[in-house]
Amino acid sequence: MTVLSTRLDTGGSAYTANRAAMLEKLAALDVEHAKALAGGGPKYVERHRSRGKLLARERIELLIDPDSAFLELSPLAAWGSDYPVGASLVTGIGTIEGTECVITANDPTVRGGSSNPWTLRKALRANEIALRNRLPLVNLVESGGADLPSQKEIFIPGGALFRDLTRLSAAGIPTVAVVFGNSTAGGAYVPGMSDHVIMVRERAKVFLGGPPLVKMATGEEADDESLGGAEMHARTSGLADHLAVDEPDALRLARRVVHRLHWRKSGPEPMPWYEPPKYEEDELLGIVPGELKAPFDPREVIARIADGSDFDEFKPLYGSSLATGWATVHGYPVGILANAQGVLFSQESQKAAQFIQLANQRDRPLLFLHNTTGYMVGRDYEQGGIIKHGAMMINAVSNSTVPHISVLMGASYGAGHYGMCGRAYDPRFLFAWPSAKSAVMGPQQLAGVLSIVARQSAAAKGQPYDEDADAAIRAMVEQQIEAESLPAFLSGRLYDDGVIDPRDTRTVLGICLSAIHSGPVEGARGYGVFRM
Ligand code: COA
């Protein structure tokens, strides 16, 4: 009864054009992702290998269960900044001895693995994911500490890294540090604050001050090993709990530590059986129009990510510009809110507020599928109370305590981004498709508004208006806003957890939902369900 049918014409010209546009965007993103994978480039990678060391992603591969997935997060961090793409840190969710963990690994081939402002934001986001989802945290450490030229941006906020480790521990969430190399100065507090510490013999260097600094400070002559070597910490200072003979041994020890946690997830189990969607995930490539001008039916997306394509729609006849309903994804029950026609009106806002409250009463996680140009403007809508109703939806999203996941499929503009649980509304995870665009409003609208304001200002001063300059400025502003709305730019600023291939959406959602259920899932209590 509630299984979705499809109207997608996979032989039609619209589908073919959409698919071609999406594949082109994916290819462009692949080029950017490759930059993160390349780390510090061949010279530094070769040097690292010649020292007999593993690369950051190789360490992760040996740490997680064989052939299991690793959901890398924010691989495009620092994109468009002065720092290398990836921000000299790899973060993600992987399974160790059957336990889902947040894993971070410094990339020592990028400026000695030192932390720049984007590294810090990426690391703090990883800590937040561990805390909110109750996931053990494993840090694979080898870093030159603060990126010294940018110290003013990171020294003061950077203290949160060490604070988070001990807060995780206080919340009963295990933290493990595996030290492969340098972890000096502030970095020494990563093992210092972790529940479990493993160090690699003759490689780990953990001291507050290295030999030159000690010489400067006190005149004492000391070498690396006696100041902060793994043997010293394992036998003398007691900072290391385990002494590893080499890198694979350290990763084996880390797996053993996680095994001994006997970690139990505290969220509800998924349904024991579920069906795959009835339609091909591959067809997700051909749904979103290249230019985002034409609307698309999000049910075509839901039909390709929900178990059995089953979507039990709530209020299908009311507020039709927003589809709301119940589904399961990889056996996890979810409520879905998906923009259907772009604009959010009063009815849609009220429907969303009611639906979000129902999900809270049922302890049901929510999935927001974005394609909105925002709340409707205009006299009739203002008089009809669009602010009030939009506020109601934003209120419901803000105070909802069930886990939220947002996927930006297309547009995510204006307060619509907020109502649909944008980044500032703390979704547990937020991913973008290559087709996504997010900004305060569309580039043309924004440039047009600026032009009207400038024209009015000139008129008020009695000055002539330069139409040629106006056209040039409009074009420039449009271009700038367009560039700032694109997924790579937003991902570079850590406004999402990654840009994903639409075909991977169901898999990514499955990994995230499973990770979320490592912690309890509890809705907000204390209010009844409003009937709109
Ligand atoms: N800030 C900025 N750049 C740094 C850096 C830091 N903390 N640490 C290393 N780099 C840069 C180096 O200048 C070098 O750049 P270059 O190749 O363009 O000359 C590059 O990263 C690689 O460093 P290098 O020293 O050649 O690598 P290494 O693997 O032999 O040694 C370290 C790595 C981290 C042990 C060493 O660079 C070091 O001791 N750095 C300073 C550590 C420190 O005291 N940090 C302060 C913490 S608060």
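Just so we're clear, the structure is a prediction, and the values are computed from it rather than from any experiment. Counting starts at 1 for both ligands and their atoms, in listed order.
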Over all atoms of both residues, closest heavy-atom pair of Ala240 and Ala230: CB-O, 4.5 Å

Test side chain to side chain donor-acceptor pair (under 3.5 Å) applied to Asn116 and Thr119, step by step: CA-CA 5 Å; Asn116 61 56; Thr119 322; 3.1 Å; yes

Partner set under side-chain contact (heavy atoms from CB on, under 4.5 Å) for Ala160, not counting sequence neighbours: Leu124, Arg163

Sub-4.0 Å heavy-atom environment of ligand 1, residues by chain: Tyr44, Arg47, Arg51, Arg111, Gly112, Ser114, Gly144, Gly145, Ala146, Asp147, Leu148, Pro149, Asn182, Ala185

Check against side chain to side chain donor-acceptor pair (under 3.5 Å), Glu100 and Ser514: CA-CA 8 Å; Glu100 289 143 294; Ser514 180; 2.5 Å; yes

Pairs touching residues 136-147 that satisfy side-chain hydrogen bond (donor to acceptor under 3.5 Å, both in side chains), sequence neighbours left out: Lys53-Glu142, Arg59-Glu142, Thr104-Asn139, Asp147-Ser150

Partners meeting side-chain contact (heavy atoms from CB on, under 4.5 Å) with Tyr418 (sequence neighbours left out): Ile394, Ala415, Tyr425

